[in-house]
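So the structure is just underneath, and the comments pick up after that.
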There are 2 protein chains.
Amino acid sequence: MMDRYHLRYFLAVVDHGNFSRAAAHCNVAQPTLSVGIAKLESALGTKLFVRTNQRVELTVAGARFLNYARRIEGEFNAAQRAMAQTAPAALFRVGVLGSIPGALIARAVAASLAVDPSLRIEIVDGSERELSAHVARGRVDCAVTLIDRGSDRFEEELLFEEGYALALWADHPRAAEAVVQGEDLAADTMIVRRHCEALGETSRHFTERGVRPRFSYRSTNDERVLALVAARLGITIMPDCFEAPGVARPRLSGFTLRRKIGVAYTLESHASGVSTHPFLQTLREMAPALNV
Amino acid sequence: MMDRYHLRYFLAVVDHGNFSRAAAHCNVAQPTLSVGIAKLESALGTKLFVRTNQRVELTVAGARFLNYARRIEGEFNAAQRAMAQTAPAALFRVGVLGSIPGALIARAVAASLAVDPSLRIEIVDGSERELSAHVARGRVDCAVTLIDRGSDRFEEELLFEEGYALALWADHPRAAEAVVQGEDLAADTMIVRRHCEALGETSRHFTERGVRPRFSYRSTNDERVLALVAARLGITIMPDCFEAPGVARPRLSGFTLRRKIGVAYTLESHASGVSTHPFLQTLREMAPALNV
DNA sequence: GTCCATCATAGATTTTATCTATGCTGTTGG
DNA sequence: CCAACAGCATAGATAAAATCTATGATGGAC
């Protein structure tokens, strides 16, 4: 039975000229799109594309079907838009990267609720990978996550850019310095932030300098990590935007990795005006202060 | 994400005025349709129906959506039809009830292939229940099965109507009689045709007459059953249309159950002209001879 | 009151879209 | 001419979703 997603796959192939790019644009894997088109062709009883491995081109039947497909997909969108006007108080669902301070998000939520108490906001956190999946499948309206990672699957908007720095307890021997040499930390015990995107880079950094750190704690909970740093259990490396009383944040010499945090949307959700949501407006106001 | 089947459910509810009938018309269970409509409403962000337990009626938003829904579903069908014209040599898939003689179907296949050797026909057999599911899900274009069973889920066409009769080996003491009394078979061993729709009725018939038969064989394979009847392993009851050398078919007195065999289509497949297929034409020509 | 018709909900089941991994086939660059 | 590559297809496993059965809730009819 011909179904809506078949039309989307078909149109994507027409618009992008090959299956692979079309798949990326639909946020699915290439084989998925491949069997999707095959299903459509079988439902219609006609081949729609001639596959050469240089490019795909429409058959005569495919060209004829294109008219219908465009019209139908257009009507779906028109219906959706028309209904959206009547729709009351939409729930705003946003995914947030686990390695972004909860306090930051909490402030943004509080501020936007202060603007409009009737807002309904839902936060879900996860890894970069999980968030991509959520955005792609429409389980969230957008995600606050790492951006500029080369896969142009989503519409992206930069919020802030930052580096990474050490987290030491306030009276650690090196706490007062602006920049610390990795070699000077050979005797320290480290805490592993298991979900951190910089994990690989960090261990490489120390290995290259002949430092083989011991580990006292592994966690995905950054708030707890900060508390334990303050409690002198160990030191760690984390993005600049983290801060806590009793924790100093000197730079680690030669550690130049940076990350860009921004908002990722699907094309549709971006087009449907999600990006003007007060929560995101608030985040945009807060963001410049976090650039380092 | 709004999908095509949502539209079909929605339109069915509008056209039939309540969820239960709409579900029957869509060949799905009532809860399925219930959650389907709920999904659609959530996708659109608006309630589409006001549910009273007397009837459902459209909300304002629902009435507005109706225009889009009808147009889109219409376009889907138009596209399907338009493409079907180009489509080459369609495969004809037909489900056949297990308790219909294979020889009958084989004759029909042979005859229609004689008319047009380019025909591509695919036969699948199964129980009445299985065939319903196949028709409903579009896995077959139609099914040759029991009809007139009260559930007007499908378009039905009567082929022939018949009763049930005994199957005895040719020189069985009662083989020459036209009608046999159940009581006279008390000493006989019976074969159970496990897939037979008359199974319950048969055992009730004997129980009511104080006959408690012994069983020598249970099978779903009627050809083998007939061979074993001829081989004097046991006797059985089967629809009139079965025949084999060495097997006599006297009536069983008081056993009045009858069955109607016909073709069941979905509305769409019927509309798309499946019923004019040579295979079905052949069956129609053969059918009158089978009325008993 | 009980019965009946209607829709909603919950949990299990089945189906199906999707993914990962891999194969195949031309094309390109060395 | 061969290796690397880019592009689509296939297979098996996985995950998601639609669907089913069974049951509950509600209101009208008798």
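Every chain is numbered from 1 and lettered A, B, ... according to where its sequence line falls, protein lines coming before strand lines. A quick note: this is a predicted structure, and the numbers were derived from the prediction, not measured.
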Practice item. Would you kindly give the CZ-to-P distance between A:F19 and D:dT10, to the nearest whole Å? Key: 11 Å

**Study point:** Geometric cation-pi criterion A:R120 and A:F92, 6.0 Å radius, 45° cone
**Key:** no

Check your understanding: Is any side-chain N or O of B:R51 closer than 4.0 Å to OP1 or OP2 of C:dT6?
Key -> no

Check your understanding: Please give, in whole Å, the distance from C:dA17 C1' to B:M1 CE?
Key -> 14 Å

Practice item. Answer yes when A:R51 and A:E41 have at least one side-chain N-carboxylate O distance shorter than 4.0 Å, and no when they do not. Key: yes

**Study point:** Atom-pair distance (NZ on A:K47; P on D:dA9), nearest Å
**Key:** 9 Å

Review point. Under a 4.0 Å N-O cut-off, is there an ion pair linking B:R71 with B:E73?
Key: no

Review point. Between atom CZ in B:R4 and atom C1' in C:dA17, what is the gap in whole Å?
Key: 18 Å

**Study point:** Lys/Arg-Asp/Glu bridge criterion (N-O < 4.0 Å) met for B:R4, A:D3
**Key:** no

Exercise for review: Would you kindly give the NE2-to-P distance between A:H134 and D:dA15, to the nearest whole Å?
Suggested key: 13 Å

Could I get a table of every N or O pair under 3.5 Å where one atom is in the protein and the other is in nucleotides 18-23 of chain D?
{"unit_1": "D:dA18", "atom_1": "OP1", "unit_2": "B:Y5", "atom_2": "OH", "d": "2.9"}
{"unit_1": "D:dA18", "atom_1": "OP2", "unit_2": "B:K39", "atom_2": "NZ", "d": "2.5"}
{"unit_1": "D:dA18", "atom_1": "O5'", "unit_2": "B:Y5", "atom_2": "OH", "d": "2.8"}
{"unit_1": "D:dT19", "atom_1": "OP1", "unit_2": "B:Y9", "atom_2": "OH", "d": "3.2"}
{"unit_1": "D:dT19", "atom_1": "OP2", "unit_2": "B:Y9", "atom_2": "OH", "d": "2.5"}
{"unit_1": "D:dC20", "atom_1": "OP2", "unit_2": "B:A29", "atom_2": "N", "d": "2.5"}
{"unit_1": "D:dC20", "atom_1": "OP2", "unit_2": "B:T32", "atom_2": "OG1", "d": "2.6"}
{"unit_1": "D:dT21", "atom_1": "OP1", "unit_2": "B:R129", "atom_2": "NH2", "d": "3.3"}

Practice item. Let me know the distance between CZ of A:R21 and P of D:dA6, rounded to the nearest Å. Key: 12 Å

Review point. Looking at B:S20, does any N or O in its side chain come under 4.0 Å of the phosphate oxygens OP1/OP2 on C:dC7?
Key: yes

Check your understanding: A:F49 has an atom CZ; how far is it from atom C1' of D:dA9, in whole Å?
Key -> 15 Å

Check your understanding: Which residue, B:N18 or B:R139, contacts DNA chain C at a nucleotide closer to its 5' end, judged by nearest heavy atom?
Key -> B:N18

Review point. For the rings on B:F10 and B:F65, is their centre-to-centre separation under 6.0 Å?
Key: yes

Review point. Do the rings of B:H25 and B:H16 sit parallel, tilted or perpendicular, given the 30° and 60° boundaries?
Key: tilted

